[in-house]
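In what follows, a single structure is set out as structure tokens and then discussed.
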Amino acid sequence: MLQQTQVKKVVDYYRRFLQKFPTLEKLAESNLQELLKMWEGLGYYARARNLRKAAKIVVSDMNGEVPTDYKTFRKLPGVGDYTAAAVQSIAFGHVHAAVDGNVKRVIARMFMLDSPVNDIKFQSLFQEKASFLLDRDQPGTFNQAMMELGAMICRPKAPLCTICPVNLFCTAFQSACQDQFPLSLKRQPIPSYYLVVAVIRRDEEILILQRPTDGLLGGLWEFPCGEIDKVEELPEDVCCRIIQDSFNLQIEVTGFLTQIKHAYTHFKTTMDIFECRYLSGEIVLEQMQDYRWVKSDQIDQYPLIGANHKFLSLV
DNA sequence: AATGCGGGGTT
DNA sequence: AACCCAGCATT
């Protein structure tokens, strides 16, 4: 949960998660949809699938015992260099330096490194520096201290150098140039897309679709939608045409609900949401994995994408 | 080595 | 609007 996600956001999810899946065995035999529901809104849903996969492996192949050595643990799905080092050092006291985004920033400033922290080429450099600094006697505590230092004191903007416990050892602070570090590569500008979303009612039920298990928002549910290239026609007409072309359903638009914006990592979207009525047609799924006609008070039972939650109360 | 993958807080 | 976050898997 903590991969690329701040502690504050994780805490509540973590508590609920442990309550629902208190043991490795419970997690291993969990239903993926139920797990995704617990993960709903946390993002990076492959983490949930990998965690479940890892639990299955540990239960079935490892006698239910989490590996206590770095190499074996590192092989589990979803476990990379950082997670392996963090868990093995904190849980078992093994000597591995955990290098996350916070640690890289601390190191870049401490040694005035001109290597961009977001350039994978220099990952090993930061790893070496962290290993050099690591306290061999209490690696877990040291790793947590480094991460906490980065999060609380050695912040991205306006670091609190005057109260930093290690400012005597920080070459950037001693040179009064801490604001020039760390360096990072500019990211590419991200594209924008326009989508129409159809809330299609048939009697008392509404149509929702399940996204493919892998890829963006894998396994989550959403209202039918489609991309508009240009806004030349009436949005209502575009909406009907897209639903016809994508799902073989004939519908009519009964009203405009709202417009929302939603940003992802690599693109951002503007969505026009339309209230629609089902007219005819048998649904055909090409892109999507599954579909359901559900009553509006049942939607909560499905893990829904965040963009749809933004207008769900209106539905 | 580069890219895809969320969502929210901070500046 | 840009940046960042207790990164990992895939290609």
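A note on names: the letters A, B, ... follow the listed sequences, proteins ahead of strands, and every chain is numbered from 1.
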Legend entry - Closest to side chain of A:Arg47, choosing from B:dG6, B:dA1, B:dG8: B:dG6

Inset, instruction - Look at all strands and tell whether A:Lys53 reaches a base, only sugar-phosphate, or nothing, counting heavy atoms closer than 4.0 Å. - result: nothing

Legend entry - Shortest side-chain distance from A:Tyr82, nucleotide among B:dG8, B:dG6, C:dC8: C:dC8

Inset, instruction - Give one of base, sugar-phosphate or nothing for A:Tyr264, where a contact means two heavy atoms less than 4.0 Å apart. - result: sugar-phosphate

Legend entry - A:Asp81 CG to C:dG7 P, straight-line distance once rounded to whole Å: 13 Å

Inset, instruction - First locate atom CD of A:Gln4, then atom CG of A:Leu42, and finally report the distance between them rounded to the nearest 0.5 Å. - result: 12.0 Å

Inset, instruction - Give a yes/no on whether any side-chain N or O of A:His266 is located under 4.0 angstrom from OP1 or OP2 of B:dT3. - result: no

Legend entry - First encountered from the 5' end of DNA chain B, between A:Lys8 and A:Leu217: A:Leu217

Inset, instruction - Specify the separation, in whole Å, of atom NZ of A:Lys268 and atom C1' of C:dA2. - result: 9 Å

Legend entry - Whole angstrom value for the distance that separates C1' of B:dG7 from NZ of A:Lys261: 17 Å

Legend entry - Comparing A:Lys157 and A:Ile90 on DNA chain C - which has the more 5′ nearest nucleotide: A:Lys157

Legend entry - Contact nearer the 5' end of DNA chain C, comparing A:Val79 with A:Leu2: A:Leu2

Inset, instruction - To the nearest Å, give me how far apart CD (A:Gln6) and C1' (C:dC5) are. - result: 5 Å

Legend entry - Flag, side chain of A:Glu25 to backbone of A:Val59, donor-acceptor distance under 3.5 Å: no

Inset, instruction - Give a yes/no on whether any side-chain N or O of A:Lys121 is located under 4.0 angstrom from OP1 or OP2 of B:dA2. - result: no

Legend entry - Distance test, side-chain N/O of A:Thr5 to OP1/OP2 of C:dA6, below 4.0 Å: no

Legend entry - Below 4.0 Å: OP1/OP2 of C:dC5 and any side-chain N or O of A:Arg105: yes

Inset, instruction - Can you figure out which of C:dA6, C:dA9, B:dG6 approaches the side chain of A:Asn50 most closely? - result: C:dA9

Legend entry - Whether over 12 other heavy atoms sit under 6.0 Å from A:Arg277 CZ: no

Inset, instruction - Compare side-chain N and O positions of A:Gln3 against OP1 and OP2 of C:dG7 and report whether any pair is under 4.0 Å apart. - result: no

Legend entry - A:Tyr45 side-chain N/O to B:dG7 phosphate OP1/OP2 under 4.0 Å: yes

Legend entry - Side chain of A:Arg187 - closest among C:dC3, C:dG7, B:dG7: C:dC3

Inset, instruction - Assign A:Gly150 to base, sugar-phosphate, or nothing according to its heavy-atom contacts below 4.0 angstrom with the strands shown. - result: nothing

Legend entry - Nucleotide B:dA2, atom C1' - distance to CG of A:Asp119 in whole Å: 10 Å

Inset, instruction - Show your reasoning for whether side-chain contact (heavy atoms from CB on, under 4.5 Å) applies to A:Trp293 and A:Ile200. - result: CA-CA 9 Å; A:Trp293 289 96; A:Ile200 306 171; 4.0 Å; yes

Inset, instruction - For A:Tyr291, look at atom OH and say whether over 12 heavy atoms of other residues, nucleotides or ligands are found less than 6.0 Å away. - result: no

